[in-house]
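Sequence lines set the chain letters: A, B, ... in the order given, protein chains first and strands last, and positions in each chain run from 1. As the structure is a computational prediction, the values presented were derived from the model and not from experiment.
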2 protein chains.
Amino acid sequence: MSLRHAMLGLLAERPASGYDLMKRFETSLTNVWPATQSQVYGELGKLAKTGLLEVVAEGPRGRKEYAITAEGRAELRHWLAETRPERSHRNEALLRVFFLDLLTPLEAVAYLATEAERAAELRAELEQVGEKVDWDDGPLSVNGRLALEYGLRLRAMQEEWARWAAEQLGGAGAAESEAGKS
Amino acid sequence: MSLRHAMLGLLAERPASGYDLMKRFETSLTNVWPATQSQVYGELGKLAKTGLLEVVAEGPRGRKEYAITAEGRAELRHWLAETRPERSHRNEALLRVFFLDLLTPLEAVAYLATEAERAAELRAELEQVGEKVDWDDGPLSVNGRLALEYGLRLRAMQEEWARWAAEQLGGAGAAESEAGKS
DNA sequence: GTTGACATGTAATACGTTACATGATTCG
DNA sequence: CGAATCATGTAACGTATTACATGTCAAC
């Protein structure tokens, strides 16, 4: 149930409307906790009803600005300081690895090579993000820098692993390919 | 919808009952694609109804042994060879990093230190798994070795990152702590 | 006046978790 | 005969995705 905490966290910095929050989910949080518009509006309603948020202003076009309450801050702190994060970690790309023997060796190597390339691409995208962000833009950007570094290291690791794994199979793949030729 | 493909993949090796599959989810696949008993039985029913699986034997205690059909193999191959894995990647531990400024510097550093320790623990657990597995036990164990290496590298990366991140904040935390003392 | 950004919501569907519910067989 | 394991299923609830549905305001 971390969507709730993501929203409380964003609102802890400053009040915002559902629309505002959506934009922040799409930018900074998109890589760690994606959320859809439906989810955000739905959860705003629930959080307001349970007193963790309150509507502090209404603007044009039915705009409702929400702010975190003392109770909301308490819940957020509790989550941050007194609970351990879940590490469920479903990983479709890795699931496929378990079944790679159902492909030909060449196909399997190709899969791993594509994974390596994709990791490199994602890494490059993150580097772009890093260059665009204003690092003097408050605490969220300081923390964002830490999260960004995690992403860079993760993608680097994934690329290296995929190349290593391809090599592990590559022996077999290459051998079979060579055998086919001779 | 990868639960379905995980099940097809396991059944591609050999036929099994829901109960058998559960055990395999709890051991080899638990780290990449956890599944509950409810899910497994539910999905078995759906897969049989759509013709991707069939019941090939009935045993004591109502045991039903399922085998993958030609259609099921086709679907599995299609998934493996012709679709790209999803990389949605919700990460609660990293979400918290964005809000670390809501804790005191010392609390934040403590959070990262705990994360580093947890990563080290998980890495040690994986090493244990690696020592117990019979690596000459068919294709699934060959692939499992690749997946295991991914896990080892991931945990090592996480530990290093968390220590690095703690150091980044640690300057501030230590300085404030020192300031408080003086 | 029309396009684009702002702004909020609901409905249908699927996926996942927990708890409930039941019973058969084997082994000591 | 009692405990452990084998074995299957349903129900309730919560979370997530997609699509639908509506309407306002500002700027050109």
In whole Å, I'd like the distance from the OH atom of Tyr41(A) to the P atom of dC6(C). 11 Å

Could you state the atom-to-atom distance from CZ of Phe25(B) to P of dG16(C) in whole Å? 10 Å

Interatomic distance where NZ belongs to Lys46(B) and C1' belongs to dT13(C) [whole Å]: 11 Å

Look at all strands and tell whether Arg4(B) reaches a base, only sugar-phosphate, or nothing, counting heavy atoms closer than 4.0 Å. nothing

Options dA24(C), dG16(C), dA19(C), nucleotide nearest the side-chain atoms of Gln39(B): dG16(C)

Does the pair Glu127(B) and Arg123(B) meet the rule for a salt bridge (charged side-chain N to carboxylate O under 4.0 Å, His left out), with working shown? CA-CA 6 Å; Glu127(B) 267 162 3; Arg123(B) 189 163 176 283; 3.2 Å; yes

Rounded to whole Å, please give me the gap between CD in Glu65(A) and C1' in dA7(C). 13 Å

Output the single nucleotide from dC6(C), dT25(C), dG16(C) whose closest atom is nearest the side chain of Pro60(B). dT25(C)

Could you say whether Pro34(A) or Arg61(A) is positioned toward the 5' end of DNA chain D, judged by the nucleotide with the nearest heavy atom to each? Pro34(A)

Show, in sequence, the C-alpha distance, side-chain angles and deciding distance for Glu92(A) and Arg90(A), and conclude whether the salt bridge (charged side-chain N to carboxylate O under 4.0 Å, His left out) test is met. CA-CA 6 Å; Glu92(A) 191 189 328; Arg90(A) 277 192 176 78; over 6 Å; no

Closest to the 5' end of DNA chain D, once Lys23(B) and Gly42(B) are matched to their nearest nucleotides, is Lys23(B)

Starting at atom CZ of Arg90(A), determine the distance to atom P of dA14(C), rounded to an integer number of angstrom. 18 Å

Is the backbone of His5(B) close enough, under 3.5 Å, to the side chain of Ser2(B) for a donor and an acceptor to pair up by distance? no

Does Ser38(B) make a side-chain donor-acceptor contact with the base of dT18(C), cut-off 3.5 Å? yes

Whole-Å distance between dG23(C) P and Gln37(B) CD? 16 Å

Does a nitrogen or oxygen in the side chain of Arg63(A) sit under 4.0 Å from OP1 or OP2 of dA7(C)? yes

Would Leu11(B) and Leu47(B) count as a side-chain contact (heavy atoms from CB on, under 4.5 Å) here? Give the steps. CA-CA 12 Å; Leu11(B) 288 167; Leu47(B) 287 168; over 6 Å; no

Is there a donor in the side chain of Tyr19(B) and an acceptor in the side chain of Gln37(B), or the other way round, less than 3.5 Å apart? no

May I ask you to list the residues of residues 7-18 of chain A, by number, that have any heavy atom positioned under 4.0 Å from an atom of DNA chain C? Ser17(A), Gly18(A)

In this structure, CZ of Phe99(A) is separated from CD of Glu13(B) (nearest 0.5 Å) by 9.0 Å

Tell me, yes or no, whether the heavy-atom count around Glu86(A) atom CD, taken from other residues, nucleotides or ligands under 6.0 Å, exceeds 12. no

Tyr19(A), nearest nucleotide to its side chain (from dA24(C), dG16(C), dC6(C)): dC6(C)

Integer-rounded Å distance: dT8(C) P and Leu53(A) CG: 13 Å

For Arg87(B), check side chain to side chain contact (heavy atoms under 4.5 Å, CB included) against everything at least two apart and list the hits. Glu115(A), Arg118(A), Leu122(A), Arg155(A), Pro85(B)

Distance under 4.0 Å to a non-hydrogen atom of chain A counts as contact; along DNA chain D, which nucleotides mark the start and end? dT15(D) to dC25(D)

May I ask you to establish whether Arg153(B) and Trp164(A) are in a cation-pi arrangement, using a distance under 6.0 Å from NZ or CZ to the six-membered ring centre and at most 45° from the ring axis? yes

Other residues, nucleotides and ligands only: do more than 12 of their heavy atoms fall within 6.0 Å of CD on Glu107(B)? yes

d(CE, Met22(B); C1', dG16(C)) in whole Å: 13 Å

